[in-house]
Amino acid sequence: MKDEQDDVDLTVQRLSRRGFITAGLAATACYGAYKWLRSRPREDGVEWPLRRALLANEALAQAYYSPSRLSPRFEPRDITRPRVNGRLGLVPDVDADAWRLKIEGAASPVALTLAAIRELPAHEMITELRCIEGWSTIVQWKGARLRDLMERFPPPNPVRFLSMETANRGYYIGLDIESALHPQSLLVYEMNGAPLNWLHGAPLRLAIPIKYGIKNIKAISTIRYTGVRPADFWAERGYDWYAGH
Ligand SMILES: Nc1nc2c(c(=O)[nH]1)N[C@H]1C(S)=C(S)[C@@H](COP(=O)(O)O)O[C@H]1N2
Ligand SMILES: [Mo]
């Protein structure tokens with residue numbers, strides 16, 4: 001049992017080291033993330049390694065920020081017929097008025113109405129939703145940047161991860177902070193010009209085109225900041241934890 005745990009720890013360390021490099025590059029590519037990271041306080045007076053790396057690369061960080069680092073955007077004529085995949089954690093007829101998005105690990109607990117999320121600056125994008133099984137759809141999304149929500153309700157100390165889960169924890173994902181801060185990571189409430197239906201994750205889902213479909217969690221109920229790499233439904237079943245593409 002002890003040995004097994006050691007194995008798991010080693011694997012996690014190796015994976016997060018690898019992920020850390022990728023995450024570092026992604027953050028360097030994103031000046032917004034960089035600014036956000038710089039504005040975070042130090043933890044126990046120790047510089048966050050990623051932050052140190054970013055400080056050393058301040059000039060690079062700006063030079064790297066270019067739209068070519070974004071996931072490709074498409075035209076309205078490219079939108080395809082939607083496809084429903086994955087119903088874990090979905091429930092029909094969610095009462096939108098009673099629904100709240102909970103944020104745990106912020107300075108104080110947060111519970112937001114959908115109206116409050118709609119008040120954040122709205123962004124639209126037409127991007128690819130690529131399932132790890134080999135198919136993809138082109139979807140128009142409308143929602144708020146996860147980054148804007150995080151800036152409004154930041155964690156009191158720097159964190160490297162956040163998790164998202166459905167109400168009954170039927171589905172859950174983990175994200176590295178840099179991916180969460182990506183400008184195309186949207187908390188969406190509209191799909192192809194209409195409010196989300198329950199099969200696509202009403203009232204709120206994540207659209208994160210830099211990641212495979214598995215990270216595009218539908219029917220989000222809770223977002224949690226954490227310093228520890230969170231459990232992830234499909235990573236627990238053998239898929240890559242970062243699931244970028
Ligand atoms: N709650 C929840 N979200 C989920 C899933 C799921 O089973 N449950 N499946 C994921 C997978 S594997 C894919 S490919 C996309 C598909 O999104 P769509 O049904 O809107 O096309 O949702 C993702 N989000
Ligand atoms: Mo998928």
Side-chain angles (χ1 to χ4, degrees), residues 71-74 76-96 98-104 111-112 114 117 122-146 149 161-176 179-180 182 184-224 226 229-245:
S71 183
R73 302 187 65 139
F74 295 82
R77 63 167 180 273
D78 301 321
I79 295 170
T80 60
R81 208 161 73 87
R83 178 168 172 171
V84 172
N85 197 57
R87 298 182 181 206
L88 297 161
L90 301 189
V91 276
D93 307 320
V94 174
D95 179 353
W99 179 90
R100 295 289 182 277
L101 174 69
K102 292 176 279 301
I103 305 177
E104 295 176 4
L112 296 172
L114 193 59
I117 292 159
H123 295 270
E124 280 185 308
M125 62 183 184
I126 302 174
T127 51
E128 184 184 26
L129 176 65
R130 195 189 293 185
C131 177
I132 220 153
E133 293 162 356
W135 54 269
S136 76
T137 52
I138 304 291
V139 187
Q140 178 169 35
W141 304 111
K142 182 178 176 184
R145 282 190 172 139
L146 179 54
L149 186 89
F161 302 101
L162 57 80
S163 71
M164 294 189 182
E165 61 187 58
T166 62
N168 48 15
R169 210 175 149 79
Y171 197 73
Y172 45 92
I173 63 144
L175 285 181
D176 55 283
S179 299
H182 191 280
Q184 289 174 312
S185 298
L186 300 187
L187 291 169
V188 306
Y189 38 77
E190 278 181 31
M191 174 181 179
N192 298 338
L196 279 181
N197 67 34
W198 74 277
L199 289 168
H200 290 293
L204 193 74
R205 77 174 297 171
L206 180 67
I208 182 163
I210 57 164
K211 304 277 187 188
Y212 277 107
I214 48 176
K215 294 285 188 187
N216 290 242
I217 182 174
K218 301 186 270 194
I220 304 166
S221 174
T222 304
I223 296 179
R224 185 179 305 109
T226 170
R229 204 175 72 158
D232 180 282
F233 185 90
W234 283 114
E236 287 174 346
R237 285 154 184 83
Y239 288 96
D240 175 53
W241 192 89
Y242 287 89
H245 68 76

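Residue indices begin at 1 and follow the sequence shown. As the structure lists them, so they are numbered: ligands from 1, and atoms in each ligand from 1.
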(message) Measuring only between side-chain heavy atoms, which start at C-beta, is Y242 closer than 4.5 Å to D232?
(response) no
Other residues, nucleotides, ligands: >12 heavy atoms within 6.0 Å of [X] [atom1]:
X: R77; atom1: CZ; answer: no
X: D95; atom1: CG; answer: yes
X: R169; atom1: CZ; answer: yes

(request) Quick one: pull up CD in E124 and CD in Q140 and give me the separation to the nearest 0.5 Å. (result) 5.0 Å
Just distance, no hydrogens or angles: give the donor-acceptor pairs under 3.5 Å from side chains in residues 193-208, sequence neighbours left out.
{"unit_1": "N197", "atom_1": "OD1", "unit_2": "L199", "atom_2": "N", "d": "3.1"}
{"unit_1": "N197", "atom_1": "OD1", "unit_2": "H200", "atom_2": "N", "d": "3.0"}
{"unit_1": "R205", "atom_1": "NH1", "unit_2": "H200", "atom_2": "O", "d": "3.3"}
{"unit_1": "R205", "atom_1": "NH2", "unit_2": "N216", "atom_2": "O", "d": "3.0"}

(request) Would you check ligand 1 and list the protein residues that come within less than 4.0 Å of it by any heavy atom, ordered by chain and number? (result) R83, V84, N85, G86, R87, L88, L90, L129, C131, T166, Y171, H200, R205, G213, I214, N216, I217, K218
